[in-house]
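Here is the structure we will look at, set down as structure tokens.
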Amino acid sequence: MRVELARQYQPAEVENKWRAYWEEKGFFQSDPDPRRPAFCIVIPPPNVTGALHLGHAINNTLQDVLVRWKRMQGYNALWVPGTDHAGIATQAVVERLIYQQEGKTRHDLGREELVRRIWAWKDKYEARILGQLRQLGCSCDWRRTRFTLDPICSRAVRHTFFRLFQAGLIYRGKRLVNWDTTLQTAVADDEVFHETVKGHFWTFRYPVVGSDEHIAFSTTRPETMLGDTAVAVHPDDPRYRHLIGRRVRIPLVERDIPIIADAILVDPALGTGAVKVTPAHDPNDYQCALRHGLPMINILNPDGTINAHGGRYAGLDRYEARRRVVEDMAALGLLDRVEDRDIDLAHSDRSKTPIEPYLSDQWFVRMADLAQKAMDAVEQGHIRFYPERYARTYLDWLREKRDWCISRQLWWGHRIPVWYARTEAETLRRRFGQRSDIAWTYDETSDQWLICSLDDSFTAAAEDVPLVQDPDVLDTWFSSALWPHEVFGWPDRTADLGYYYPTSVLVTSRDIITLWVARMVMMGLFNCGQIPFRHVYIHTKILDGFGETMSKSKGNGVDPLDIIEIYGTDALRFTLVHMATETQDARMPVSHVCPHCSHLVPQKQEHLNMRTRRIVCPHCKQPFRPGGPWPEEDPELPTARLASEKFELGRNFANKLWNAARFLLLNLDDYAPVPLDHSTLPVEDRWILSRLTYAIDQTTHLLDTYQLSEAARVLYDFTWSEFCDWYIEMAKARLRDPQSKVLAQNILVAVLEAIVKLLHPLMPFVTESIWQALAQAAPQRGVPKPRSAPESVTIAPWPSFPQSYRDPTIEANIQLMQDLVRSIRSIRNDFRIDDRQSVDIYVRTDNESAQSLEALSSYIGLLAKTAKQSFGPQVPRPRQAATAVHNRFELYVDLADLIDIPAELKRLSKQKLEKEKLLQSVRARLSNPDFVHKAPPDVVTQFRNQEKDLEQQLELLRANIAQLSQM
RNA sequence: GGGCGUUUAGCUCAGUGGCCAGAGCGCUGGUCUUACACACCAGAAGUCGCAGGUUCGAAUCCUGCAACGCCCACCA
């Protein structure tokens, strides 16, 4: 039956069809099956802050490659999809949008309403994200889609918190945190970035009590003076030694504070050698206060204004207070000097406002044991990183074992399941003593009970105990840390958990090795007693054209759907995999595609982050809105898509594969499957099977070691440069001959089928298209014995051939033929011989090579357009010929009247020059006695042979030049 | 300041000790040769960041330097 394909692969026409087909057939659904080995990946759940960009596209493509490959290898492969509620990030995005559109803050809306709005946002973006993943062809089991705030995850979070609480690993403490005055929340160290800003460096003096002396100190934040509780000097500093133990007065608040000695805090060589100590607002001062038992005075309200501790400055914004403090100190004559200074100031990654170190009540998880076990898991080799070097990032971070601040002053997230109660121990025992789902502990600093429960409903049973729930929510990473087991229904011991956990591999990028990977290991071990995954594959990051990481918050993301629309999904996927090399991040310069005329306008830096609202196309002069992650449509201006020429690599390759299939299908009218005996196959078939076997082995090995981009290269080269450029070209002759046709058809189909399978994990859509076309034209196929093909390539077995198919001799002979053909073509090109005109060739070569070439002579004729061919040691040299010398042959192309003597002389001297240069370097090496003695004998022999070859070739070239010069 | 990484053709990147250092794009010349112009054929193009060292032999290993990127820490 004749199946005809379009001249060009049209991805848009088939992608929806195959996606629907796969889902309808349930190929990606997986359920526990003890008879088959499991392969399982849980998706790094994308944040619901916005749509996915190319960074996500590469992450998910790589996962899909692995899942599809393992599925074909016969594993019961499961990929669990889902999304992350992303506490701070999502709340910030929605708050910002509400403020922009309605001018309202979260305090205007109230907790309930804000949370309702965020859920609506989440629904919208979750749908968009899952849609994007489907478009990408991700072979997830969609039935299992989870969200970190859904009931199953919430239950896991609740149980985990409870278990940690019971184990005494969670505690409440006053800690200095990074306070974001805009969002009014603590942010993690990891959520802080540093930026240099212009500031000042003031030097003030405090009067020493009961003396005329003053002590001078410098600061960049004068307002923190209001919270000073000491002045520190170095114990050995002669300038101040006599003052240690005395007191100074803070003039503006009329408070006396001690002068203390602290060798850790103070470097006598810096500044005045004296340091004001503000424990509640500086990390180092805080540590110092702990050492000396100093009081800690918090002078800030959550919104960044000064609180009652600031006396007459209370109510002022901290910057206003700073101005006034400086003014007032100056008025008192206590300001010595002001310098300009660049200050490297911490900023909140979310709100971009400066961070205030701030003493507040927070919840912490004790890291010591958890971190040690997580380190052990990697150090003992239970978890392996690919590439290996990233294990170090992980270990270095865990080694610090810093307690994890898990509370966030937000409304979007898992509420901390702790209630405060002021009551008697006896009351609690009476009420809850019998219940294993409630635990409590006494908190001395706040003089109250902390009650943790697995379920909110316990509050009803406690009518005589006044309970107040903690208003905070948990750090997003708390729920993400449970991801690999919570998706399987933990804490229940589900069949899923038993079968799929530990998962096989985690695929992610290096920037969340600490935030996420380490925490998953800790919590997986704590909750399940087992590591969450065996391998961690850290992959390339996609940078924008300016070298910056793509991120939702930077606004430099490129929507994969833009790329898909222009180039197709397989093009996107293949190109991304091709770029995912081991060491380099990949730069992705992009262009706006003019919505009016499709002209490409390169993206510039000022277009990023939605800063430019309008561009005029230099080609058609019409305006459009630049491409980017806009939250809404623009009613007036059409928005450009973003494109990058890089994806042409993938698009062209998909089309190449498509056309190889198209060619085959045009030649399969009378296809009949036949069993084959490998040993009797002609040389060209054994060659392609040898090369194919090699390609399969390489690909499998590269995928096994997470070298996906190398696998892409191997497949690209084999498909394009060997199968298409040589094997198909040779097959054209065989297909014309009824004698050889059947065999050629069988091998062509078998090799194409194997290629389609190998490429399927990378390019699922085009390969399924070809697979289905082959199903009609050649339902029985394969070597050595044709078999009925499975109904879809998604479930086809991964190809494999016996090692006996490898044949180095045959590969060398084909190589020889290819070299000869290329030499002929080169001469034809140099002499501008018309493509339709045949040439006669004379090839002087040893008997063995002559025999090999004779066997392939019809192909040489076809590929190099030759007529008469002579091979052998004694073939004559035509009178007027162009010459090429090779280490296994001398080629003469008879040019007769076409000969252009000066041109040929030029060619020959060029060859001569190249060979002479090479010979020179070979001789230099051989004349070095150390080389001859110390290098391995086979290397020396190799160079000796090369020297001989070159000498012969040069002799020949000189003779030819001499002869030609006389004509 | 510590760590990791990068520096190879105009661009984007492969290449972990030994045949003339490769690919894609771009460039030059020639082809619409009935699978593919998203293609085919041929070609030009690189003192492999710099300086030392190890080695018979270095893009590849070591040391130092420079530039760039990321992570961590710190900056009264």
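Since the model is a prediction, treat every value here as computed from it, not as a measurement. Convention: sequence-line order gives letters A, B, ...; per-chain numbering from 1.
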From C-beta outward on A/Lys646, which listed nucleotide comes closest to its side chain: B/rU12, B/rC70, B/rC19?
B/rU12
Looking for any heavy atom pair under 4.0 Å, which part of the strands does A/Arg221 touch: base, sugar-phosphate only, or nothing?
nothing
Looking at B/rA14, B/rC56, B/rA42, which one has an atom nearest to any side-chain atom of A/Pro936?
B/rC56
Please work out whether the ring planes of A/Phe723 and A/Phe718 are parallel, tilted or perpendicular, with thresholds of 30° and 60°.
parallel
Testing B/rA42, B/rA35, B/rC38 for proximity to the side chain of A/Asn829, the answer is B/rA42
Please give me every residue in residues 222-231 of chain A whose heavy atoms get under 4.0 Å of an atom in RNA chain B, ordered by residue number.
none
Counting just side-chain N and O atoms, does A/Ser826 come under 4.0 Å of either OP1 or OP2 of B/rA42?
no
Any A/Lys865 side-chain nitrogen or oxygen under 4.0 Å from OP1 or OP2 of B/rC40:
no
Going by heavy atoms in the side chains, are A/Arg510 and A/Arg389 under 4.5 Å from each other?
no
Please write out the pairs of protein N or O atoms and N or O atoms of nucleotides 59-61 of chain B separated by less than 3.5 Å, giving the distance to one decimal.
none

Hey, which of these two, A/Ser921 or A/Glu710, hits RNA chain B nearer its 5' end, going by closest nucleotide?
A/Glu710
Atom-pair distance (CH2 on A/Trp658; P on B/rC36), nearest Å:
13 Å
Nearest-nucleotide comparison on RNA chain B, the residue closer to the 5′ end among A/Thr219 and A/Val939
A/Val939
Nearest-nucleotide pick for A/Lys910, side chain only, options being B/rC20, B/rA44, B/rC36
B/rA44
Over all strands shown, is A/Arg7 touching base, sugar-phosphate only, or nothing at heavy-atom distances under 4.0 angstrom?
sugar-phosphate
What's the closest nucleotide to the side chain of A/Lys934 if the choices are B/rC38, B/rC56, B/rA35?
B/rC56
Any side-chain N or O of A/Trp720 under 4.0 Å from OP1/OP2 of B/rC40?
yes
Rounded to whole angstrom, note down the C1' distance from B/rC19 over to B/rC62.
27 Å
Separation between the C1' atoms of B/rU6 and B/rA44, rounded to whole Å:
29 Å
Rounded to whole angstrom, note down the P distance from B/rC61 over to B/rG5.
11 Å
Please confirm whether any donor atom in the side chain of A/Gln8 sits under 3.5 Å from an acceptor in the base of B/rA37, or the reverse.
no
Please confirm whether the shortest side-chain N or O distance from A/Gln946 to OP1 or OP2 of B/rC20 is below 4.0 Å.
yes
Measure CG/A/Leu918 against P/B/rC20 and give the value in whole Å, please.
5 Å
Across the strands shown, which category fits A/Arg828 at heavy-atom distances under 4.0 angstrom: base, sugar-phosphate, nothing?
nothing
More than 12 heavy atoms of other groups within 6.0 Å of A/Arg832 CZ
no
When all nucleic acid strands are considered with a 4.0 Å heavy-atom cut-off, which category describes A/Lys732: base, sugar-phosphate, or nothing?
base
Just checking A/Asp725: base, sugar-phosphate only, or nothing, at a heavy-atom cut-off of under 4.0 Å?
sugar-phosphate
Determine the interatomic distance between C1' on B/rG15 and the same-named atom on B/rU34; round to the nearest Å.
40 Å
Take atom CD1 of A/Ile770 and atom C1' of B/rA35, then tell me their distance rounded to the nearest Å.
11 Å
Side chain of A/Arg822 (C-beta onward), nearest among B/rA14, B/rC36, B/rA42:
B/rA42
Could you write out each protein N or O paired with an N or O of nucleotides 3-9 of chain B at a distance under 3.5 Å?
{"residue": "B/rG3", "atom": "O3'", "partner": "A/Arg392", "partner atom": "NH2", "Å": "3.4"}
{"residue": "B/rC4", "atom": "OP1", "partner": "A/Arg392", "partner atom": "NH1", "Å": "3.1"}
{"residue": "B/rU6", "atom": "O3'", "partner": "A/Gln584", "partner atom": "OE1", "Å": "3.2"}
{"residue": "B/rU6", "atom": "O2'", "partner": "A/Gln584", "partner atom": "OE1", "Å": "3.3"}

Which nucleotide, B/rA14, B/rC40, B/rG18, lies nearest any side-chain atom of A/Ala935?
B/rG18
Here the distance between atom C1' of B/rC72 and atom CZ of A/Arg402, to the nearest Å, is 9 Å
Checking A/Gln946 now: which residues fulfil side-chain hydrogen bond (donor to acceptor under 3.5 Å, both in side chains) with it, not counting sequence neighbours?
none
Say you pick atom P in B/rU33 and the same atom in B/rU28; how far apart are they, in whole Å?
22 Å
Considering only heavy atoms from C-beta outward, does the side chain of A/Val517 approach that of A/Thr508 to under 4.5 Å?
yes
Taking B/rG1 as the reference, what is the distance to B/rU16 when you measure between their P atoms (whole Å, please)?
33 Å
Checking B/rA42, B/rC38, B/rA35 against the side chain of A/Glu729 (C-beta onward), the nearest is B/rA35
Nearest-Å distance once atom C1' is located in both B/rC48 and B/rG22
12 Å
Selected nucleotide, minimal atom distance to A/Arg832 side chain, candidates B/rC20, B/rA35, B/rG29
B/rG29
Among B/rC19, B/rA35, B/rC56, the one nearest any side-chain atom of A/Asn928 is B/rC56
B/rA58 and B/rC71: how far apart are their P atoms, nearest whole angstrom?
38 Å
Test of ring centre spacing under 6.0 Å for A/Phe385 and A/Tyr390:
no
Detail all sub-3.5 Å separations between protein N/O atoms and N/O atoms belonging to nucleotides 31-33 of chain B.
{"residue": "B/rU31", "atom": "O2'", "partner": "A/Asp835", "partner atom": "OD2", "Å": "3.3"}

Check nucleotides 23-28 of chain B against the protein and report each pair of N or O atoms closer than 3.5 Å, with its distance, or say if there are none.
none

Can you classify the ring geometry of A/Trp720 versus A/Phe653 as parallel (below 30°), tilted (30 to 60°) or perpendicular (above 60°)?
parallel
Centre of A/Phe663's six-membered ring, under 6.0 Å away, within 45 degrees of the axis: is that where NZ or CZ of A/Lys732 sits?
yes
Can you tell me how the ring of A/Tyr206 sits relative to the ring of A/Phe217, calling it parallel under 30°, perpendicular over 60° and tilted otherwise?
tilted
Any heavy-atom pair between the side chains of A/Gln603 and A/Val558 that's under 4.5 Å?
no
